[in-house]
Novice: 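Sending over a structure as structure tokens; questions will come in a sec.
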Amino acid sequence: MVAMARDTLTADRIIGAAIELLDDEGLDGLNMRSLAKRLDSAATAVYWHIKTKDDLVRLASDAIWHEVELPDPDATDWRTAATAHASAMHAMLTRHPWLVQAFGSHFLYGPGQARHNDLSLSIYEKAGFTAADADRAAATVLTFVLGSALGPAAQVSLNRRLSKDGADTGQLMADAMTQAQETAGQFPRLRKRLGTTAATEYAAAPDNTFTFGLQSILDGFEARLTADHASRRE
């Protein structure tokens, strides 16, 4: 049976199934036994292709970077390219919330992620940054994208944990919201917003927060570039 599984299984099939399992169960739900069951195979056959869970997470994370469409920096202005790239990364992280958690718990690298890092550098070098400042600009945007995806990812993880515990998720969320509103009501600006915002919306980021933040960062980059150019002309 294992010999047959070795012949029929491929690393690509295993990685694809791992991504599905991670999307459904998160990092905590990924193990070789569950993965083998999803593949209708033996766990030993999975180990034949991919040795450890850490390797599996690294390979799965790198594979989903290929979902992000790469803008062509030479076909548009740098801000349009930067906006498209950051927005596509954010959408990918929203589809696969486990990746945000994996950034803090695993060594993640590979050609999929590297091609995006290289593209980011090309975008900010085209904008006019020096190589060192292009590194900083790319890192700033990536940090912002990861931070923006953290809230939704945490919500998915929390809901999954509560469901596994057999808890009444809806009631727990309602209770937590009530307590949060009571606490917020002690502070004037939060109290004012509580009077005008529906309770279901209070805990969420306002609409267009990601777009607002990204464009504010790019505005800052543009202002810095303009100031640098002006100083060099003096």
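If you read the sequence from its start, that first residue is 1, and numbering goes on from there.
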Novice: Among V68, L70, D72, exactly one meets side-chain contact (heavy atoms from CB on, under 4.5 Å) together with L119. Which residue is that?
Specialist: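 Of V68, L70, D72, side-chain contact (heavy atoms from CB on, under 4.5 Å) with L119 is met by L70 alone.
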Novice: Indicate whether the side chain of N208 and that of T211 have a donor and an acceptor atom separated by less than 3.5 Å.
Specialist: no
Novice: Apply side-chain contact (heavy atoms from CB on, under 4.5 Å) to residues Y124 and V141 and explain how you reach the verdict.
Specialist: CA-CA 11 Å; Y124 297 111; V141 172; 3.2 Å; yes
Novice: Using distance only, find each side-chain donor-acceptor pair of residues 214-225 under 3.5 Å and give its atom names and separation, not counting sequence neighbours.
Specialist:
| unit_1 | atom_1 | unit_2 | atom_2 | d |
| --- | --- | --- | --- | --- |
| Q215 | OE1 | R79 | NH2 | 2.7 |
| Q215 | NE2 | T83 | OG1 | 3.1 |
| S216 | OG | F212 | O | 2.8 |
| D219 | OD1 | R79 | NH1 | 2.8 |
| D219 | OD1 | R79 | NH2 | 3.1 |
| E222 | OE1 | R79 | NH1 | 2.8 |

Novice: Could you tell me which residues satisfy side chain to side chain donor-acceptor pair (under 3.5 Å) with S61, sequence neighbours excluded, listed by chain and number?
Specialist: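 With neighbours one apart ignored, the set is empty.
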Novice: Which pairs count as salt bridge (charged side-chain N to carboxylate O under 4.0 Å, His left out) when at least one residue sits in residues 80-103, sequence neighbours excluded?
Specialist: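 Those involving residues 80-103 are E67-R95.
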Novice: Within the distance-only criterion (no hydrogens, no angle test), does the side chain of H49 pair as donor or acceptor with the backbone N or O of I14 below 3.5 angstrom?
Specialist: no
Novice: Identify each donor-acceptor pair in which a side-chain atom of residues 99-108 lies under 3.5 Å from a protein atom, sequence neighbours left out, and give them as a table.
Specialist:
| unit_1 | atom_1 | unit_2 | atom_2 | d |
| --- | --- | --- | --- | --- |
| S105 | OG | Q101 | O | 3.2 |
| H106 | NE2 | D54 | OD1 | 3.4 |

Novice: Determine whether W65 and R115 satisfy the following criterion, side-chain contact (heavy atoms from CB on, under 4.5 Å), listing intermediate values before the conclusion.
Specialist: CA-CA 9 Å; W65 277 99; R115 67 199 265 268; 5.6 Å; no
Novice: Could you list who else is in L121's hydrophobic cluster, with ILVMFWY side chains joined at under 4.5 Å, directly or through other members?
Specialist: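 Taking Ile, Leu, Val, Met, Phe, Trp and Tyr as members, L121 stands alone, with no cluster partners.
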Novice: Spell out, as yes or no, whether a donor-acceptor pair under 3.5 Å connects the side chain of D23 to the backbone of H96.
Specialist: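 Not confirmed, D23 side chain does not pair with H96 backbone.
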Novice: Salt bridge (charged side-chain N to carboxylate O under 4.0 Å, His left out): which pairs involve residues 134-146, sequence neighbours left out?
Specialist: D133-R136
